[in-house]
Amino acid sequence: MCEKCVNAKYVSQKISKTRWRPVSHSSLQQPDIFATGSWDNEDNKISFWSIGNHGSSGMDEGFEGDPQLLCEHKHDGDVLDLQFLDQDRIVTTSSTGAVTIFRHHQNSQTISVSQRWPRVHRYPCDNAPCTGVVCSSPEIVTVGEDGKIIVFRADQEGVIRVIENADSSTIHAVTYLRTTEILTVNSIGQLKLWDLRQQSNSPSQILSLSGDRLPLHCVDRHPNQQHIVATGGQDGMLCVWDVRQGSTPFSLMEAHSAEMWEVHFHPTNPDHLFTCSEDGSLLHWETSTHSDMPSFLQGGRNNSMISRSAMAPAGGNQSLISTWLSGDSSKGRLETTHMLPSQTLSVNSLDVLGQCLVCGTDGEAIFVNRQVPV
Amino acid sequence: MEELDVEPAITNIPAASDGKHLGFAWGPGDILAYETLYMAPGCSFIHEVRKDEDIYSPILRKLFNESHHIFVGLQTIREDLPSKNKKTQFVSISKNYRSVIRACMEELQQVLQKWPRNMEIRYVSILLAIELIWNLCEVLFIDAAPAGPLLLHLLDWVRLHKGDVDEKAREVLQSESPAEHHDYWDVPGGTQTLTEFDVKWRHWHEEVDRCLQDNSFASNQHLEIICKILVGDEDTLLEHKELLSTWYHFLVTRLLFCHPTVKPTELHYYAQSCMTMFLDLRSVPEPLDSILLAAFEFDIHQVIKDCSIALNNWWFVAHLTDLLDHCKLLQSHNLHFGSNLREFLLLEYASGLFTHHSLWQLAVDYFDNCPEFGHVYLELQIERVPLDTERKALKVLRICEQRQMSEQVRSICKIMAMRALRNNRLGSALSWSIRAKDAAFATLISERFLQDYCARGTFSDLDLIDNLGPAMLLSDRLTFLVKYREFHKLYEENRFSEAAKLLLSLITAKIAPRSFWMTLLTDALPLLEQKEVSHSAHCPYLLLYHLTCLVYGFIVFCYGSSCKVDQLLTSLIKESVCRFAGLGPEGLGTPKV
């Protein structure tokens, strides 16, 4: 990938989260606007930026200029997670334990607070940081250091449901598995499945690594094959799980030399996966499907990763076996590329949509790449 | 100690009311001042006096971040490259630093256009001065151009900065500049040597001079003035002082017209005389002037020293000195307190950064590149970073772990674990103890679990205890907890012989806390009644034997050894053996214990 395609924009705030505004699936537009949240500032902010892509098809160079700041708004506490609820609204979670919905008014380029739930995550005598959020409008689910899972609805006061003591350790991230099921990861290395239709306060399934119980920090589900989930944790290993079978990961790959903060499957091209880490690198993983032989029947190990489990999935049709579950890089089927110039500080967040990738670092820089090879 | 060069700056503390005594305490970069009791009572305040306000400017923050990136890149330039390649790289790095400064300046100017009364206006002149000095240092020290190209570089330098200062004058000056003679300036070293060039130039100079003497241009006054300028006539140049707003512009102009092949070592003669001529007797040279003069004199140390005094923030001197040190231009010159100049300045700069709530992360890399004291400074400073969220604590921990600062790791993990424990987050507390490999704390947490169990009869946080894996081996107490829970699970699932074996191993391993012995005993008795257990070969006998020892030891521990105890013990054992054997109490004689 061309180094020239990536340019750093210094923004005077450490970026904790970046997210592209969703584009409608019907149009083939590239994404245009992204939101960022800051952390570790006396005055934290959320900001909206534009890369001016308004449907203009390729210029010769990868970047036409820096992202432009559209508007920003003060945020109380660190922005620990951020998601777009719809085209105009974002949900943020704060280190003060609050959950807020902000509305971006496109005409006047201003931001207003649309709804707020202060101190929903807390201990008996103190606030607890709210570490993760996932939403599927109008439902919002948040998790926090207090081990609670809380369900809200946008435009409704109060909370819909609280699962107290869902976890005895900190829950770091949450994502949807199906419309009524969520997955959480915690700081003792467990992946838990929750069925929100049930009233019980315990998970329907618990999966964990078989070795040391290191914290898991991020989780993402394969966009098409809903049983495949990727997680990353403190040791920088990328784990791919099959939640239908087994309670341990299907494959483990050494990815980074420090905590992996985010993992994302590409939403429309899931043979591509992106991870970012405290060690300052952003990796682009690409798997290919060129072999006749089913991937799990090909033996072989190489010393950079471990592959496990040779069970045939129910149904047996080899074309349905995801190549992620083999993780076999020795046959040249898994390629990894670094996407940033070396020696940046921690890359805290990334988001990818279409051909565009945005990420934010602790070096107070935002990188945008408009020509991701997917 | 050397004597002070300047008067110390005075900072007024506006909120301190008159007549109050102030006490103070030094912080890592700031001072805390407080009103003391010694005068009339009233409301007391604590004031924080910040020495360095620059790091709080949002625009200058970009400077710090971008230059940090360049700094880190500079440190990785390999020592074994040939010096010619290295020089090109150093010049390019110097230009990078300068472009960062310029980018900051441009942004400042944009901001000031929108909000003219913004407080940050004071940074414009500072940044201008910094870039001016850095550029000159690059020309003279880093690029170290020889005679010939030297003047061209100086011309560029002046033109670049003249444009900043006075747009209008530049237009006027350009119309008078010897543009038509630019084709003279084939760069020496290109098609002609310096000597050839020198000869040609002298020839031309003599011609112009002769024209002036002949009064050939007497008719046209402007042309005559231009000619005089071209010859380098000082008086004419000085007459047009307002066009040459600064003495160094005068210097370069004069060199251009009088001594275009000036050697670097001759520069300071001309610089001194130009400055004297240009400035009136009344005006005092400003700090900037003396810094530039020191640069022309190739006195690097004086430049650094004067800049350190004149500027509020260590950014400039730290980065410039570091670059010059890489170019091997600084004599190794130990200071009174042991480290060299480069390290001293970097440490000062980084310490200042560490007081900032956000920029402390940049400082870590600076400390890493100070071989003598960097590590110690980092150890002292990193403990002061406030840990509001787990995420921040994890980042700080990663920094400590990568540098083998094991004491700081333990201390941070302990703080986080205690906090979690206080909030009753036992799983979190345990995960912090596992990270620090803190067996003592793991024991503490396990005790909490066991206490809970004793109080309530059930275990809390089963998702944690059931899924610990190899982490349970961190401490004996933790292992006991996990195994004891496993025992309960086996019992509930009616797998009695396995449960019995597990209980036996727990007892023989002697990892049960004393407080739990009674509980174990109580658990064991019903187990003995289970057919499965009582009919298996070794197990029940061993179990009974060990239980006996356990009970004896326990009772002795509680009550001390005595006749009464022996009696109690005997009857207890008799009863249990009988129950085991399915006999009534009278079915056994008195066994010898």
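So that the names make sense, note that chain A is the first sequence line, chain B the second, and so on, each numbered from 1.
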[X] versus chain A, heavy atoms under 4.5 Å apart: side chain, backbone, both or neither?
X: Thr76(B); value: side chain
X: Trp432(B); value: neither
X: His68(B); value: side chain

Heavy-atom closest pair, residues [X] and [Y]:
X: Asp362(A); Y: Lys395(B); value: OD2-NZ, 2.8 Å
X: Ser169(A); Y: Gly427(B); value: CB-C, 3.6 Å
X: Arg61(B); Y: Asn41(A); value: NH1-OD1, 3.0 Å
X: Gly469(B); Y: Arg213(A); value: N-NH2, 3.5 Å
X: Asn165(A); Y: Arg425(B); value: OD1-NH1, 3.6 Å

Looking at [Y] and [X], is there a salt bridge between them, counting it only when a charged N and a carboxylate O are closer than 4.0 Å?
X: Arg419(B); Y: Asp126(A); answer: no
X: Lys62(B); Y: Glu364(A); answer: no
X: Lys392(B); Y: Asp40(A); answer: yes

Could you walk me through whether Leu426(B) and Ser168(A) pass side chain to side chain contact (heavy atoms under 4.5 Å, CB included), step by step?
CA-CA 6 Å; Leu426(B) 294 176; Ser168(A) 59; 5.5 Å; no
Walk me through whether Trp261(A) and Arg391(B) qualify under side chain to side chain contact (heavy atoms under 4.5 Å, CB included).
CA-CA 10 Å; Trp261(A) 294 123; Arg391(B) 183 165 274 227; 3.5 Å; yes
In Å and rounded to the nearest 0.5 Å, what is the CZ to SG distance from Arg422(B) to Cys125(A)?
9.5 Å
Once rounded to the nearest 0.5 Å, what's the spacing between atom CG of Asp388(B) and atom OG1 of Thr96(A)?
11.0 Å
Going through the distances and angles, do Lys14(A) and Asn65(B) end up as a side-chain hydrogen bond (donor to acceptor under 3.5 Å, both in side chains)?
CA-CA 10 Å; Lys14(A) 294 205 278 210; Asn65(B) 276 291; over 6 Å; no
Let's test your reading of the structure: which of Gln402(B), Glu401(B), Gln361(B) forms the most heavy-atom pairs below 4.5 Å with chain A?
Gln361(B)
Answer with yes or no whether the side chains of Gln234(A) and Arg435(B) bring together a donor and an acceptor at under 3.5 Å.
yes
Just by distance, no angles: are the side chains of Thr170(A) and Ser428(B) close enough, under 3.5 Å, to form a donor-acceptor pair?
yes
May I ask you to test the [X]-[Y] pair for a side-chain heavy-atom distance under 4.5 Å?
X: Leu345(A); Y: Asp365(B); answer: yes
X: Ile188(A); Y: Asn467(B); answer: no
X: Thr131(A); Y: Glu390(B); answer: no
X: Glu107(B); Y: Tyr10(A); answer: no

Segment of [X] engaging chain B (4.5 angstrom heavy-atom cut-off):
X: Pro129(A); result: side chain
X: Gln190(A); result: side chain
X: Glu278(A); result: side chain

Which residue out of Leu80(A), Leu209(A), Ile206(A), Asp167(A) racks up the most heavy-atom pairs below 4.5 Å with chain B?
Asp167(A)
Between Gly189(A), Ala258(A), Ser95(A), the one whose heavy-atom pairs under 4.5 Å with chain B are most numerous:
Ala258(A)
Take Asp78(A) and Thr389(B) through the side chain to side chain contact (heavy atoms under 4.5 Å, CB included) test and state the conclusion after the steps.
CA-CA 9 Å; Asp78(A) 294 345; Thr389(B) 61; 4.2 Å; yes
Please walk me through it: do Leu394(B) and Glu259(A) pass side chain to side chain contact (heavy atoms under 4.5 Å, CB included)?
CA-CA 9 Å; Leu394(B) 287 171; Glu259(A) 283 87 352; 4.3 Å; yes
